[in-house]
Amino acid sequence: MSLFTKLHIAISPQFTINNLQTTKKTTSIPIYNSKIQSKHIYVSHPLVLFKSTMQSHSPRSLRSSIKCSLIDPDGGVVVDLVVPESERASRVLEAEPLPKVKLTQIDLEWVHVISEGWASPLRGFMREDEYLQSLHFNCIKIKDGSFVNMSLPIVLAIGDDVKDQIGSSSNVGLLGPNGDLVGILRSIEIFKHNKEERIARTWGTTAPGLPYVDEVITNAGNWLLGGDLEVINPIKYNDGLDHYRLSPKQLRQEFDRRQADAVFAFQLRNPVHNGHALLMNDTRKRLLDMGYKNPILLLHPLGGFTKADDVPLDVRMEQHSKVLEDGILDPETTIVSIFPSPMHYAGPTEVQWHAKARINAGANFYIVGRDPAGMGHPTEKRDLYDPDHGKKVLSMAPGLEKLNILPFKVAAYDTVAKKMAFFDPTRAKDFLFISGTKMRTYARTGENPPDGFMCPGGWKVLVNYYESLQAEEASPQQAALSV
């Protein structure tokens, strides 16, 4: 049995989170070369930490006064919108006469996200007031008067024909892509889908070629349907990876079972190379140096929609398992789980969503690197977003005041040491930066990256994947020639 199979995390159904502290986390953190002038200190660099209350102490005393607990979810409770098993049959009967709305695969991914509480305190697809707050303010106001970050609109688009079929009904049934009943949307509200406004405010451009826009918005209906969501059964994909799809509640249980006093999350949509591992391992070392006893890494790859040239999820998950199998990351202090959200590639706007969702899962540290959630401009040869703006926005975003940033260096390939190392600007010529695009090009062309860039087992997974693609592409051509 491979480690890929063994990584299934067994969680006892009897386990409860009785001993979690519900008080706000306070942490004293050493900030190097900083003058402490206020309670909230922001240091510009890619490791983002959830809120720390800083006192005017010396670095030495800061390290000795750490208090830890899992961070509270937005709204105080992790939302769970899956109907209890005993009530599911009655919900199915109730849904039979209701008007039906058929979901796309990406709509279903958003149902998954909402139902498990990744978007807590959101309890369904956004109504118009929530949508406008999200679109224009990147946050929404909750009942107690406070604000929570919600930088991406989570909405369900419908066409004119579906709107007419719904008529005056206050509830609708939701059907999955295969026609099966997924859930019920209650107390619905239908409002105009102004696509150009949505695109411009989310991406900062309406240039053609934005992957999520082309896939989801351009041909979507002219109306948005909001309401309170109830999901009949937990969302499953039956792709051999469902055991990796741990909900926020399950992750919190696992962190508590492992007696984690710190959880640091790392999201990526690419295979893990040794530079990523260097950053993750160094993060854990820094947390230990700060006084934490058992920091746990949440390796949390994005599992929803990605653009066509990204490595597919099943290949990435197999590659990640090889990274642990080869000892690049420690399985005892690492949890590998899939984050079910679709990917927007919306840069600083989207990275707020990624951080907010991990708060709900219980992570109190979040690593963010260069150009998070970014991509190349779809029509010009440049980055769509400033590579440094993601981490800067996280330190200022409304509803994410819990975030602080610790200084970390950029990792690159050291051609002298022949391994991934932190970049040293005094000998910049010795370092080679290998982007995700370059990495995929290596694998696609059969060219090996420099030794020490990625563990051999993980690299073999990528090479095998691109070889299989080339074989698939060659087969139709051979068939055409034979005819």
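The analysis underlying the following values was restricted to heavy atoms, covering all of them including side chains, and did not include hydrogens, waters or symmetry mates.
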Query raised in the report: What's the verdict on side chain to side chain contact (heavy atoms under 4.5 Å, CB included) for Gln352 and Leu400, showing C-alpha distance, side-chain angles and the deciding distance?
Result: CA-CA 8 Å; Gln352 296 173 65; Leu400 293 181; 4.1 Å; yes
Query - Aromatic contact, Tyr413 with Phe433 (centres under 6.0 Å) - result: no
Report summary line: One should read off an interatomic distance between Leu135 CG and Ile140 CD1, to the nearest 0.5 angstrom, of 13.0 Å
Requested in this report: Please check if the side chain of Asp160 supplies one atom and the backbone of Asn222 the other of a donor-acceptor pair under 3.5 Å.
Outcome: no
Requested in this report: May I have the step-by-step check of salt bridge (charged side-chain N to carboxylate O under 4.0 Å, His left out) for Asp309 and Arg444, ending in yes or no?
Outcome: CA-CA 11 Å; Asp309 62 346; Arg444 189 180 298 110; over 6 Å; no
Query - N/O donor-acceptor pair under 3.5 Å between Asp326 side chain and Gly457 backbone - result: yes
Report task. Could you tell me whether the side chain of Pro295 reaches within less than 4.5 Å of the side chain of Val263, counting heavy atoms only? Result -> no
Requested in this report: Compute both the distance and the angle, then confirm whether Arg358 meets the cation-pi test with Phe339: under 6.0 Å from the six-membered ring centre, within 45 degrees of the axis.
Outcome: yes
Query raised in the report: Near Lys192 NZ, under 6.0 Å, is it more than 12 heavy atoms from other residues, nucleotides or ligands?
Result: yes
Requested in this report: Applying side-chain hydrogen bond (donor to acceptor under 3.5 Å, both in side chains) between Asn270 and each of Arg440, Gln319, Arg316, report the one that passes.
Outcome: Arg440
**Report entry** Nearest heavy atoms of Asp371 and Asp386, plus distance in Å
**Finding:** OD1-O, 4.5 Å
Report task. Taking the side chain as every heavy atom from C-beta outward, state whether Ile335 and Arg258 have any pair of such atoms under 4.5 Å apart. Result -> yes
Requested in this report: On the 0 to 90° scale, with breaks at 30° and 60°, tag the Trp203-His344 ring pair as parallel, tilted or perpendicular.
Outcome: parallel
**Report entry** Within-4.5 Å side-chain heavy-atom neighbours: Arg186 and Ile184
**Finding:** yes
Query raised in the report: Under 3.5 Å, is there a donor-acceptor pair between the side chain of Ser134 and the main chain of Glu130?
Result: no
Query raised in the report: Going by heavy atoms in the side chains, are Val463 and Tyr465 under 4.5 Å from each other?
Result: no
**Report entry** Separation of Ser337 OG from Leu251 CG (nearest 0.5 Å)
**Finding:** 4.5 Å
Report task. Might you work through the salt bridge (charged side-chain N to carboxylate O under 4.0 Å, His left out) test for Asp310 and Lys307, ending with a clear yes or no? Result -> CA-CA 6 Å; Asp310 280 346; Lys307 55 189 175 70; 3.5 Å; yes
Query raised in the report: Minimum heavy-atom separation for Val155 to Phe125, with atom names?
Result: C-CD2, 3.5 Å
Requested in this report: Kindly say whether Val315 contributes a backbone atom to a donor-acceptor pair with the side chain of Glu318 at under 3.5 angstrom?
Outcome: no
Query raised in the report: How about Trp353 and Ser341: does a side-chain donor come under 3.5 Å of a side-chain acceptor?
Result: yes
Query raised in the report: Is the closest basic N to carboxylate O distance between Arg245 and Asp239 below 4.0 Å?
Result: yes
Requested in this report: Step by step, work out the side chain to side chain contact (heavy atoms under 4.5 Å, CB included) result for Arg252 and Lys249.
Outcome: CA-CA 5 Å; Arg252 284 174 173 267; Lys249 283 188 175 180; 5.8 Å; no
Report summary line: Residues Leu313 and Ile338: closest non-hydrogen pair is CD2-CD1, 3.9 Å
Requested in this report: I would like to know whether Arg201 and Glu197 meet salt bridge (charged side-chain N to carboxylate O under 4.0 Å, His left out); could you show each step before the answer?
Outcome: CA-CA 6 Å; Arg201 293 200 69 90; Glu197 179 188 29; 5.7 Å; no
Query raised in the report: Does the pair Asn360 and Glu116 meet the rule for a side chain to side chain contact (heavy atoms under 4.5 Å, CB included), with working shown?
Result: CA-CA 10 Å; Asn360 288 331; Glu116 290 188 342; over 6 Å; no
Query raised in the report: Atom CG in Leu241, atom NZ in Lys236: separation rounded to 0.5 Å?
Result: 12.0 Å
Query raised in the report: How far does CE of Met420 sit from NE2 of His273, to the nearest 0.5 angstrom?
Result: 5.0 Å
Requested in this report: Verify the ring-centre separation between His276 and Phe266: is it less than 6.0 angstrom?
Outcome: yes
Requested in this report: With rounding to the nearest 0.5 Å, note down the distance linking CG in Leu297 to OG1 in Thr334.
Outcome: 4.5 Å
Report summary line: For Lys322 and Val461 the tightest heavy-atom approach is CG-CG2, 3.8 Å
Query raised in the report: For Cys139 and Phe147, which heavy atoms make the closest approach, and how far apart are they?
Result: SG-CD2, 3.9 Å
Requested in this report: Check step by step if side chain to side chain donor-acceptor pair (under 3.5 Å) holds for Gln267 and His354.
Outcome: CA-CA 8 Å; Gln267 172 182 297; His354 293 165; 2.9 Å; yes
Requested in this report: Look at the side chain of Thr218 and the backbone N and O of Val213, then say whether any donor-acceptor pair between them is shorter than 3.5 Å.
Outcome: yes
Query - Within-4.5 Å side-chain heavy-atom neighbours: Val323 and Asn274 - result: no
Query raised in the report: Asp144 side chain to Ser146 main-chain N or O, any donor-acceptor pair under 3.5 Å?
Result: yes
Query raised in the report: Strictly under 6.0 Å, is that where the ring centroids of Tyr345 and Tyr212 end up?
Result: no
**Report entry** Lys102 side chain near Asp107 side chain, heavy-atom distance below 4.5 Å
**Finding:** no
Report task. Please tell me if the side chains of Ile158 and Ile166 come closer than 4.5 Å, counting only heavy atoms from C-beta onward. Result -> yes
Query raised in the report: Do Met454 and Pro271 come within less than 4.5 Å of each other through their side chains, counting heavy atoms only?
Result: yes
Query raised in the report: Are any side-chain N or O atoms of Lys391 and backbone N or O atoms of Val368, one a donor and one an acceptor, separated by less than 3.5 Å?
Result: no
Query raised in the report: Is the gap between the ring centers of His112 and Trp118 under 6.0 Å?
Result: no
Query raised in the report: Judged by atom type as modelled, is there a donor-acceptor pair below 3.5 Å linking the side chain of Arg284 to the main-chain atoms of Phe264?
Result: no
Query raised in the report: Counting heavy atoms not belonging to Glu380, are there more than 12 under 6.0 Å from its CD?
Result: yes
Query raised in the report: CE/Met126 to OH/Tyr131 distance, rounded to the nearest 0.5 angstrom?
Result: 10.0 Å
Report task. Before giving the answer on side chain to side chain contact (heavy atoms under 4.5 Å, CB included), spell out for Leu229 and Arg123 the whole-Å C-alpha distance, their side-chain angles and the decisive distance to 0.1 Å. Result -> CA-CA 6 Å; Leu229 178 66; Arg123 300 190 64 85; over 6 Å; no
Query raised in the report: So does Arg370 pair up with Asp383, basic N to acidic O under 4.0 Å?
Result: yes
Query raised in the report: Between the main-chain N or O of Lys392 and the side-chain N or O of Ser395, is there a donor-acceptor pair closer than 3.5 Å?
Result: yes
Requested in this report: For Lys356 and Pro121, work out which heavy atoms get closest and say how close.
Outcome: NZ-CD, 4.3 Å
Requested in this report: Determine yes or no for a side-chain-to-main-chain donor-acceptor pair under 3.5 angstrom, with Lys100 supplying the side chain and Leu98 the backbone.
Outcome: yes
